[in-house]
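Input: a single structure, listed below in structure tokens.
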Amino acid sequence: MKNFTFDFCLSMKDDPSPFVLIFSTLFIGILAIIIWSYLKRLKLSLPPGPIGLPLLGTLPFIDPQLHFYFTGLAKKYGPIISTYLGLKLVVVVSSSSLAREVLRDKDAIFANRDMPVSIYNLMYGGQDIAFTSNGPKLIMMRKIATQELLGGATLQAVQGLRKIEVRAMIKRVKDREGDVADLGVELFKTMFNLVTTMLWGGGMDKKGCAGLSAKEFLEFKDIISEMAILAGKPNLSDYLPFLKNLDLQGIKKESLIINRRFDGIFEQLMSDKASNIEQKDFLDVLLQIKKSGHEVGFTKDSIKAILLDFITAGSDTTSSTMEFAISEMLRNPDIMKKVQKELDTVVGYDKMVEETDVSELHYLHAVFEETLRLYPPVPFLIPHCNSEASTLGGYDIPKDTQVMVNVWAIQRDPQVWENPLVFKPERFIKDGGGKTYKSSDFTFLPFGSGRRMCVGMTLAHKMFMYAMASLLHSFEFRLRDGEELDFAQKFGMVLQKKTPLQVIPTPRLPTSQLYY
Ligand code: HEM
């Protein structure tokens with residue numbers, strides 16, 4: 001042993017091997033990074049939080065169910081915490097006053113995004129709306145989206161499309177009468193079809209839908225869910241940039257595979273468009289803007305990224321909200337009865353729900369808000385990032401910190417909400433002192449607030465109300481014998497139910513013809 005050590009040292013002295021050179025350079029580099037980040041931290045007054053290990057920070061200790069993890073830390077350290085995940089400083093705010101500071105008072109500073117490797121590879125280098133940095137290009141993209149696709153006038157004009165999709169869903173559920181229906185899949189399919197029809201004039205089962213068969217559609221549902229999980233998954237490459245090229249968890253590889261699946265479809269759609277100028281939909285508008293050489297500077301890839309943004313942001317969020325709402329109503333039959341009583345009064349018993357009925361359904365609207373309170377589909381918003389050094393709650397926040405607004409915790413804060421864990425739509429009824437997601441007190445912000453606020457809020461509201469009203473007016477639902485409701489969640493960029501909601505539907509309306 002003694003000889004071996006001696007020989008090794010001698011051989012190093014004489015002629016250090018490349019391995020030894022690489023190893024020592026790496027070691028010195030990492031040591032320098034650790035000392036540098038430690039000194040940097042010492043100079044600043046950062047929010048409190050767990051320190052973690054050198055280099056890795058708290059990365060080895062985090063629970064992938066981040067909404068539980070950060071809410072637990074807030075209980076220990078207070079409403080603003082900071083921690084290093086690897087080399088990245090992450091700040092999480094969990095009170096309405098701090099949310100106001102991020103999203104209103106310092107909105108212009110905190111409106112950038114911190115792009116994970118998964119999104120970079122999924123979204124064509126992050127050229128979509130959700131990951132474009134704050135600035136003129138973002139303002140222009142949001143303006144096009146709200147004016148051409150998601151604004152009041154356009155949404156009014158495509159009311160007929162919503163009717164087609166919702167009625168098709170009712171028919172599909174009716175066909176499962178007495179059998180098990182997977183409501184999660186049905187609701188997702190309805191939203192997916194609606195969004196894709198608005199985008200390029202075709203959902204599943206329609207000509208021009210890029211040839212998606214029923215089997216391929218189910219694969220797509222899984223892929224979109226997978227994307228949301230991937231995008232929310234802590235990735236070593238995001239937190240330890242020197243590991244980026246190693247892709248230790250395979251997240252980059254998986255993201256690229258998903259991107260290629262979509263890319264094939266988008267290429268097909270765009271070439272179909274070139275030979276078909278009769279239809280006018282969102283893709284036409286984007287292609288026209290690209291052709292006109294508009295200052296926003298759309299490329300083929302940025303158009304694909306925007307399409308993907310709408311498919312992912314638009315389908316899962318709304319359908320997952322509906323799934324949680326029905327689950328809560330199955331757990332609370334009195335609430336279900338109240339909703340159905342309201343439907344029978346407003347709509348009647350001898351016809352199907354029309355979208356024009358929806359504005360009278362105040363109790364169902366309260367169910368929508370209460371579901372968004374307890375199960376916000378985007379529990380930390382899409383993480384924000386600051387374009388310059390700033391402060392929050394009096395603490396220093398260095399430039400490019402990842403800032404997460406813990407909507408999950410804010411909307412369950414016992415100081416704001418009485419019995420916060422109880423599902424109680426009445427708290428949103430006006431004479432019960434109700435709040436609304438459009439109000440600006442920052443205690444209820446499922447769609448965010450400020451310049452990065454969700455652009456699909458009105459569509460989500462319309463679809464939730466119309467689809468839920470139609471389902472609950474048309475059917476009674478029950479679980480299979482001996483089955484229990486499960487409210488466990490899968491954390492990702494979009495929060496989803498862990499076990500899909502499968503129920504047995506029984507028609508409520510007097511004649512079968514109404515369903516077809
Ligand atoms: C219940 C349904 C929905 C919820 C709860 C929801 C919530 C959110 C939230 C919290 C954000 C991030 C806000 C922030 O980072 O500050 C967001 C962004 C976004 N949402 Fe939604 N959303 C829903 C449905 C939709 C729909 C239907 C669409 C479009 C079809 C859509 C499109 C977008 C887009 C494009 C962004 C990015 C905006 C930006 O970064 O500037 N969302 N949404």
Side-chain angles (χ1 to χ4, degrees), residues 93 99-100 102-104 107 110-115 119 123 126-135 137-146 148-151 154-155 158 161-162 187-188 190-199 224 228 231-232 282 305-325 367-369 371-385 402-408 410-411 437-438 442 444-465 467-468 493-496:
V93 301
R100 179 186 291 118
V102 176
L103 302 171
R104 192 189 69 187
D107 186 22
F110 285 94
N112 267 358
R113 297 291 193 205
D114 182 31
M115 193 175 341
I119 293 289
M123 295 293 191
Q127 296 188 58
D128 60 326
I129 299 178
F131 282 88
T132 291
S133 297
N134 182 26
K137 184 164 182 184
L138 175 75
I139 294 172
M140 198 74 78
M141 284 162 98
R142 287 181 59 102
K143 195 168 158 199
I144 292 167
T146 40
E148 303 292 342
L149 188 74
L150 300 164
T154 318
L155 288 182
V158 294
L161 290 180
R162 288 193 288 281
L187 290 164
F188 178 85
T190 308
M191 274 311 289
F192 178 85
N193 277 346
L194 180 73
V195 172
T196 51
T197 309
M198 289 168 71
L199 288 176
I224 291 173
F282 193 53
I306 295 173
L307 295 182
L308 205 43
D309 228 2
F310 281 102
I311 295 173
T312 48
S315 312
D316 249 0
T317 44
T318 316
S319 62
S320 140
T321 309
M322 298 192 228
E323 224 180 324
F324 277 117
V367 167
F368 176 54
E369 301 204 301
T371 311
L372 287 173
R373 182 189 70 80
L374 261 184
Y375 306 101
V378 196
F380 289 105
L381 306 182
I382 301 172
H384 287 227
C385 183
Q402 189 183 100
V403 177
M404 296 160 89
V405 178
N406 192 348
V407 171
W408 173 272
I410 292 171
Q411 295 183 171
Y437 56 84
K438 288 184 183 155
F442 295 89
F444 181 50
L445 57 162
F447 294 98
S449 184
R451 66 186 72 200
R452 297 311 297 234
M453 189 174 192
C454 176
V455 290
M457 190 168 76
T458 313
L459 174 64
H461 173 246
K462 276 187 187 301
M463 275 309 285
F464 179 97
M465 291 298 289
M468 289 290 286
M493 192 80 91
V494 177
L495 194 73
Q496 292 162 12

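Heavy atoms only: backbone and side chains are in, while hydrogens, waters and symmetry mates are out. We count ligands from 1, going down the list as the structure has it; atoms in each ligand are counted the same way.
With Arg142 contributing its side chain and Val455 its backbone, the two residues share no donor-acceptor pair below 3.5 Å. Not one N or O on the side chain of Arg452 forms a donor-acceptor pair closer than 3.5 Å with the backbone of Asn112. With hydrogens and angles disregarded, no donor-acceptor distance shorter than 3.5 Å links the side chain of Asp309 to the backbone of Asp128.
The only option from Arg373, Glu369, Gln411 that meets the side chain to side chain contact (heavy atoms under 4.5 Å, CB included) definition with Pro446 turns out to be Gln411.
When all heavy atoms of Ala99 and Ile410 are compared, the closest pair comes out as CB-CD1, 3.9 Å.
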What are the polar N/O contacts of ligand 1 with the protein below 3.5 Å, with distances?
from	atom 1	to	atom 2	distance (Å)
ligand 1	15 (O)	Arg113	NH1	2.9
ligand 1	15 (O)	Arg113	NH2	3.0
ligand 1	15 (O)	Ile382	N	3.2
ligand 1	15 (O)	Ile382	O	3.4
ligand 1	15 (O)	His384	NE2	3.2
ligand 1	16 (O)	His384	NE2	2.8
ligand 1	40 (O)	Arg113	NH2	2.8
ligand 1	40 (O)	Arg452	NE	3.2
ligand 1	40 (O)	Arg452	NH2	3.1
ligand 1	41 (O)	Arg142	NH1	2.6
ligand 1	41 (O)	Arg452	NE	3.1

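Between Met115 and Met123 there is no side-chain heavy-atom pair separated by less than 4.5 Å.
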